[in-house]
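Since this is a predicted model, take the numbers as computed values, not measurements. All values below come from the heavy atoms of this structure, side chains included, with hydrogens, waters and symmetry mates left out. Lettering of chains follows the sequences in order, A, B, ..., and the numbering in each one begins at 1.
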2 protein chains.
Amino acid sequence: MNIDAHQRFSDFIKSAGLKGTEQRAVILDAFLGTDAHVSVDDLHHIISNADKKVGYATVHRTMKLIAECGLAREVMFNDGISRFENTLDSSHHHHLICNDCGQIIEFSSKVMEIEEKRLAKKYDFEIESHHFKIFGICKSCRDQKKRNNSRTVL
Amino acid sequence: MNIDAHQRFSDFIKSAGLKGTEQRAVILDAFLGTDAHVSVDDLHHIISNADKKVGYATVHRTMKLIAECGLAREVMFNDGISRFENTLDSSHHHHLICNDCGQIIEFSSKVMEIEEKRLAKKYDFEIESHHFKIFGICKSCRDQKKRNNSRTVL
DNA sequence: ACGAAAATGAAAATCAATTTCAATACCGAA
DNA sequence: TTCGGTATTGAAATTGATTTTCATTTTCGT
Ligand SMILES: [Mn+2]
Ligand SMILES: [Mn+2]
Ligand SMILES: [Zn+2]
Ligand SMILES: [Zn+2]
């Protein structure tokens with residue numbers, strides 16, 4: 001189905017005149033092993049916890065490469081930290097982000113994709129990327145608040 | 001029509017147990033005097049150029065207050081800098097951002113607002129804010145590229 | 001005017017991201 | 001396989017926006 005991610009990365013590396021290294025393999029594996037939205041720091045910890053040693057700067061540089069070759073997408077929520085998500089095993093989507101617990105709900109919307117194309121045409125704009133983010137309070141956080149409020153009243 | 005922005009800000013200040021100061025007035029005026037997406041640094045320069053002296057930290061803290069009271073909305077594009085835009089004299093909208101020249105085109109979309117409400121209901125999510133950002137290349141940058149390319153060929 | 005509380009601003013701290021650079025590793029050519 | 005030019009690594013330093021600190025000043029209800 002998909003071209004193997006490792007293959008794709010090494011093709012990218014080669015075609016860019018770069019070199020394959022043990023560190024890059026370790027980082028790619030760590031990244032492919034998560035299904036969350038991981039920061040450079042997250043990945044650096046994951047790698048360290050697996051008793052491998054790769055410098056923070058190298059994780060950072062390699063994640064940029066992995067994103068550049070299309071295996072990762074860089075997303076920023078509201079905390080000023082860049083996070084990466086696997087693009088191969090998830091289709092295009094957007095995010096609902098809970099302001100309380102940080103939970104992230106993914107969604108996709110055909111309606112929005114169509115509307116976006118209409119807007120691009122209207123403004124004669126060539127789209128390279130786009131992102132819709134909805135911030136608010138998730139159901140479980142609202143429920144928890146309700147419980148706390150009734151407790152306060154008692 | 002609108003409650004006067006100054007009135008609204010001073011009401012907010014008062015109700016929060018804060019104090020009115022000359023600096024806050026200067027900063028609010030500077031902010032209301034622009035119609036762009038201005039950073040703290042932008043505003044600090046605007047104020048300095050007008051031969052007034054307000055510390056950078058005070059501009060920062062005051063813009064947070066102005067946003068908190070609903071007179072400004074904080075937006076972040078892709079350069080890691082927070083910018084503020086006037087909410088009173090512009091209605092709710094989203095942004096097309098040119099990756100080449102940084103130009104920002106504003107748009108609003110009824111379709112998206114409706115779709116967003118549908119999604120919130122679907123995921124039982126209480127929306128507090130949302131933002132749709134489309135990155136790409138604007139018409140004039142595309143035209144310029146074309147011109148450069150034909151020049152290269154010659 | 002007094003005095004408690006808040007605000008100011010210069011400087012320092014924070015913190016993710018990025019750069020530096022000397023040492024090391026990669027890899028194609030011979 | 002060795003060689004050698006090039007890329008990579010990683011610890012430490014730097015960057016740059018944001019945020020905090022804290023001594024001093026200002027505000028504003030009484
Ligand atoms: Mn996602
Ligand atoms: Mn705008
Ligand atoms: Zn939540
Ligand atoms: Zn442009």
Side-chain angles (χ1 to χ4, degrees), chain A residues 6 9-31 37-48 50-69 72-84 102, chain B residues 6 9-31 37-48 50-69 72-84 102:
Chain A
H6 295 84
F9 188 55
S10 71
D11 287 352
F12 170 81
I13 287 290
K14 200 156 297 179
S15 72
L18 306 179
K19 290 173 179 174
T21 66
E22 186 55 37
Q23 289 93 331
R24 284 173 177 166
V26 167
I27 293 161
L28 180 59
D29 282 341
F31 173 64
H37 303 87
V38 287
S39 64
V40 168
D41 199 57
D42 292 337
L43 284 166
H44 187 238
H45 277 102
I46 288 169
I47 291 165
S48 300
D51 284 320
K52 318 215 169 174
K53 292 183 214 317
V54 179
Y56 184 93
T58 301
V59 177
H60 173 268
R61 288 183 285 225
T62 300
M63 286 314 300
K64 288 285 181 192
L65 291 177
I66 291 172
E68 212 178 305
C69 91
R73 183 163 73 130
E74 193 170 353
V75 287
M76 293 224 2
F77 300 123
N78 250 3
D79 58 2
I81 298 174
S82 277
R83 289 162 196 283
F84 296 87
Chain B
H6 295 85
F9 187 55
S10 72
D11 287 352
F12 170 82
I13 288 289
K14 201 157 293 177
S15 72
L18 306 178
K19 291 172 178 173
T21 67
E22 185 55 35
Q23 288 92 332
R24 283 174 179 167
V26 167
I27 293 160
L28 180 58
D29 282 341
F31 173 64
H37 304 86
V38 287
S39 65
V40 168
D41 198 57
D42 291 336
L43 284 167
H44 187 239
H45 277 102
I46 288 169
I47 291 165
S48 300
D51 283 319
K52 318 216 169 174
K53 293 182 214 315
V54 179
Y56 186 94
T58 302
V59 177
H60 174 268
R61 287 182 286 225
T62 301
M63 285 315 301
K64 289 285 180 192
L65 292 176
I66 291 173
E68 213 177 305
C69 91
R73 182 164 74 129
E74 192 170 352
V75 289
M76 293 222 3
F77 301 122
N78 250 3
D79 58 2
I81 300 174
S82 279
R83 289 162 196 283
F84 296 87

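First and last contacts of DNA chain D with chain A, using any nucleotide atom under 4.0 Å from a protein heavy atom and ordered 5' to 3', fall at D/dG5 to D/dA11.
For the OP1/OP2 pair of C/dT18 and a distance below 4.0 Å, the side-chain nitrogens and oxygens of A/His60 include at least one atom meeting the criterion. Under 4.0 angstrom from either OP1 or OP2 of C/dT8 there lies at least one side-chain N or O belonging to B/Thr21. For B/Gln23, no side-chain nitrogen or oxygen approaches OP1 or OP2 of C/dA7 to under 4.0 Å. Under 4.0 angstrom from either OP1 or OP2 of C/dA17 there lies at least one side-chain N or O belonging to A/Ser82. Residue B/Arg24 places at least one side-chain N or O closer than 4.0 Å to OP1 or OP2 of C/dT8. Between C/dT18 and A/Lys64, a contact under 4.0 Å exists linking OP1 or OP2 to a side-chain N or O.
The distance from atom CG of B/Leu28 to atom P of C/dA7 is 15 Å, rounded to the nearest whole Å. One atom, CG of A/Leu18, and another, C1' of C/dC27, lie 13 Å apart when rounded to the nearest Å. To the nearest angstrom, P of C/dA16 lies 10 Å from NE2 of A/His45. Residue A/Glu22 contributes atom CD, which lies 18 Å from atom P of C/dT24 at whole-angstrom precision. Atom C1' of nucleotide C/dA17 and atom CD1 of A/Ile81 are separated by 11 Å, given to the nearest angstrom. With rounding to whole Å, A/Arg61 atom CZ is found 14 Å from C/dC21 atom P.
Here A/His37 pairs with A/Phe77, A/His95 under the ring-ring contact (aromatic ring centres under 6.0 Å, His included) rule; sequence neighbours left out.
Heavy-atom neighbours of A/His45 NE2 from other residues, nucleotides or ligands within 6.0 Å: at or below the threshold of 12.
The shortest distance between side-chain heavy atoms of A/His44 and A/His60 does not fall below 4.5 Å. Annotation: side chain of B/Ile27 is in contact with side chain of B/Ile47 (closest heavy-atom distance under 4.5 Å). Looking at heavy atoms from C-beta onward, B/Phe31 lies in side-chain contact with B/Ile66 at the 4.5 angstrom threshold. Two residues are said to be in side-chain contact when any heavy atoms from C-beta on lie closer than 4.5 Å; A/Val54 and A/Thr62 fail this criterion.
Judged by atom type and distance alone, B/Lys19 reaches the base of C/dA5 through a side-chain donor-acceptor pair under 3.5 Å.
Put simply, the residue from B/His6, B/Lys52, B/Arg24 that forms a side-chain hydrogen bond (donor to acceptor under 3.5 Å, both in side chains) with B/Asp29 is B/His6.
In terms of position on DNA chain D, the residue among A/Ala57 and B/Gly80 whose nearest nucleotide sits closer to the 5' end is A/Ala57.
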